2 protein chains.
Amino acid sequence: MEAKQISKAVIKRLPRYYRYLGELLEDNVERISSNDLSKKMRVTASQIRQDLNNFGGFGQQGYGYNVKYLYTEIGKILGLDIVHPMIIVGAGNLGQALANYVEFEKRGFKLAGIFDVNPVLEGIAVRGIEIQMISDLPFFMKENNIEIAILTLPKNKARDMAEILIENGIKAIWNFAHIDLDTPDDVIVENVHLSESLMTLSYNLSQYRQEHIDDEK
Amino acid sequence: MEAKQISKAVIKRLPRYYRYLGELLEDNVERISSNDLSKKMRVTASQIRQDLNNFGGFGQQGYGYNVKYLYTEIGKILGLDIVHPMIIVGAGNLGQALANYVEFEKRGFKLAGIFDVNPVLEGIAVRGIEIQMISDLPFFMKENNIEIAILTLPKNKARDMAEILIENGIKAIWNFAHIDLDTPDDVIVENVHLSESLMTLSYNLSQYRQEHIDDEK
DNA sequence: TAGATTGTTAATCGATTAACAATC
DNA sequence: TAGATTGTTAATCGATTAACAATC
């Protein structure tokens with residue numbers, strides 16, 4: 001049932017909580033109060049408590065939060081307790097770099113296949129996985145219960161490929177192409193627009209420079 | 001002077017406006033109203049006008065916005081009219097992938113050097129640029145007026161490297177390591193936490209599944 | 001029991017949307 | 001001039017922070 005909608009802002013903060021709790025766990029910290037965590041993470045204790053209470057009461061008055069328990073629970077909320085079979089579509093530099101990103105596996109993101117549209121790449125192995133052509137996609141997706149596609153094709157090919165992925169029942173697309181995908185409600189899209197991130201950096205750089213223009217005299 | 005502080009939310013939207021205006025420009029569209037743009041971008045016309053008016057009045061009543069002019073002006077706001085010399089620090093898969101990302105050059109982001117801590121990599125060329133060791137960093141940074149460092153080292157090495165970059169006067173760090181960097185106010189940090197982005201996707205996937213658990217019966 | 005700290009309600013702050021007068 | 005559309009003020013909505021009663 002769980003009718004209440006949780007805001008995007010909260011969801012974006014969950015992985016960060018998860019990361020800090022993971023570090024505390026590695027340091028064998030048993031419990032932590034929202035106040036101590038707030039100092040570490042540089043957010044307000046109030047926000048931490050509000051955020052967590054969207055999902056349930058994980059703490060205990062007078063004690064705080066049990067690190068291991070909270071870590072596990074947030075992991076479950078994020079769906080990290082489940083294996084997510086995924087494919088990379090676009091075996092260029094970025095696709096290959098992501099294929100070699102071993103960390104993902106630890107969190108349940110299992111790379112099952114790599115695809116591309118360029119016939120020259122067919123059969124070449126990346127991290128032991130042979131690049132396949134799109135014609136093999138429908139069968140492969142069904143056979144391996146693929147949920148997530150990492151879309152690392154260039155802009156001009158990405159839109160058509162998204163279509164194909166959707167037709168074949170993809171559940172989620174991690175989109176690295178510089179376009180906004182047009183997808184039905186039941187297909188989740190998470191965008192990583194690297195060039196936009198770099199432009200934000202550039203803006204801040206220019207802004208800072210303008211504000212301190214007098215300093216340089 | 002420009003005392004008023006522009007919100008992060010607005011700044012994050014600027015590159016997206018820039019992208020859409022670039023596409024309109026390619027399609028030889030001369031002018032566009034906030035209303036038409038709002039339909040394309042799926043934001044409210046009101047937000048577009050509010051956002052732009054943070055930086056000045058770029059439109060004209062009864063006419064709308066001149067696409068080319070607005071595109072150029074947003075480019076200036078983002079600092080894309082200036083060349084930003086940058087280096088990659090961490091010549092692993094991701095670092096090499098970013099080195100091959102030719103699109104950046106178009107926007108004024110000029111890759112000048114690639115560095116790593118692993119001696120095995122010394123002298124190997126990536127896109128015609130030889131990987132250098134950190135001992136060469138101080139001289140190279142001064143000589144080439146490096147502004148931006150792309151930090152693609154693993155977590156455990158990234159923090160120390162950020163220190164070194166700061167000591168040598170880096171202006172901005174585009175951080176791909178899974179840590180929150182501790183930097184002085186005059187060093188800009190823009191984070192790309194890929195694993196957090198993937199977890200957000202995973203959350204939405206799990207959430208959707210739970211909401212539609214009945215459908216599968 | 002006393003002290004600590006949560007969970008939760010209320011207050012504040014900021015961002016988005018609506019409305020409309022100004023003006024091209 | 002009439003119509004269109006901006007720039008900007010006001011209203012609404014949502015998110016963050018503060019406060020505190022509940023409770024371990």
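Labels below follow one simple rule: chain letters A, B, ... track the order of the sequence lines, proteins then strands, and each chain is numbered from 1. Just so we're clear, the structure is a prediction, and the values are computed from it rather than from any experiment.
Applying the side-chain hydrogen bond (donor to acceptor under 3.5 Å, both in side chains) test to pairs two or more places apart or on separate chains, those with a residue in residues 97-113 of chain A are A/Tyr101-B/His178, A/Glu103-A/Lys106. Applying the side-chain hydrogen bond (donor to acceptor under 3.5 Å, both in side chains) test to pairs two or more places apart or on separate chains, none has a residue in residues 150-173 of chain B. The salt bridge (Lys or Arg N to Asp or Glu O under 4.0 Å) pairs that include a residue from residues 54-75 of chain A are A/Glu73-A/Lys76, where partners are two or more places apart or lie in different chains.
Within residues 66-75 of chain B, no residue has any heavy atom closer than 4.0 Å to DNA chain D. Using a 4.0 Å cutoff on non-hydrogen atoms, no part of residues 17-33 of chain B comes near DNA chain C.
For the OP1/OP2 pair of D/dG7 and a distance below 4.0 Å, the side-chain nitrogens and oxygens of B/Tyr63 include no atom meeting the criterion.
One distance of note links CD1 of A/Ile148 with CD1 of A/Ile188; it measures 9.0 Å at 0.5 Å rounding.
The interatomic distance linking B/Asn35 (CG) with D/dG7 (C1') rounds to 15 Å, in whole Å. Atom CD of B/Gln61 and atom P of D/dT5 are 12 Å apart (whole Å). Nucleotide D/dT8 holds its P atom 12 Å from the CZ atom of B/Phe58, rounded to whole Å. Here the C1' atom of nucleotide C/dT6 and the CG atom of A/Asn54 are 15 Å apart, to the nearest Å.
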*In dot-bracket notation, what is the pairing pattern of DNA chain C, taking Watson-Crick (N1-N3 plus N6-O4 or O6-N4) and G-U wobble (N1-O2 and O6-N3) contacts under 3.5 Å, with [ ] crossing and | for other strands?*
..||||||||||||||||||||||
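Only one option out of B/Val102, B/Val126, B/Ile129 pairs with B/Leu111 in a side chain to side chain contact (heavy atoms under 4.5 Å, CB included); it is B/Ile129.
With sequence neighbours excluded, the residues satisfying ring pair (Phe, Tyr, Trp, His ring centres under 6.0 Å) with A/Tyr71 are A/Tyr18. Under the ring pair (Phe, Tyr, Trp, His ring centres under 6.0 Å) criterion, B/Tyr17 pairs with no residue at all, not counting sequence neighbours. A/Tyr65 meets the ring pair (Phe, Tyr, Trp, His ring centres under 6.0 Å) test with no other residue; sequence neighbours excluded. In terms of the ring pair (Phe, Tyr, Trp, His ring centres under 6.0 Å) criterion, B/Tyr203 has no residue partners (sequence neighbours excluded).
In this structure, A/Arg49 contributes its side chain and A/Ser34 its backbone to no donor-acceptor pair below 3.5 Å.
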List every contact pair, protein side and nucleotides 15-19 of chain C side both N or O, where the distance is under 3.5 Å.
residue : atom : partner : partner atom : Å
C/dT16  : OP1  : B/Arg13 : NH1          : 3.1
C/dT16  : OP2  : B/Arg13 : NH2          : 3.0
C/dT16  : O5'  : B/Gln47 : NE2          : 3.3
C/dT17  : OP2  : B/Thr44 : OG1          : 2.9
C/dT17  : O4   : B/Gln50 : NE2          : 2.5
C/dA18  : N7   : B/Ser46 : OG           : 2.7
C/dA18  : N6   : B/Ser46 : OG           : 3.4
C/dA19  : N6   : B/Arg49 : NH2          : 3.2

I'd like a table of donor-acceptor pairs (distance under 3.5 Å, sequence neighbours excluded) in which one partner is a side-chain atom from residues 92-99 of chain A, with atom names and distances.
residue : atom : partner : partner atom : Å
A/Gln96 : NE2  : A/Ala91 : O            : 3.0

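Side-chain contact check for A/Tyr208 and B/Asp185: no donor-acceptor pair (N or O, by modelled atom type) lies under 3.5 Å.
Heavy-atom distances to DNA chain D give each of A/Gln60 and B/Ser34 a nearest nucleotide, and the one nearer the 5′ end belongs to B/Ser34.
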*Tell me, with the steps shown, if B/Arg42 and A/Asp182 meet salt bridge (Lys or Arg N to Asp or Glu O under 4.0 Å).*
CA-CA 11 Å; B/Arg42 299 191 189 169; A/Asp182 230 4; 2.6 Å; yes
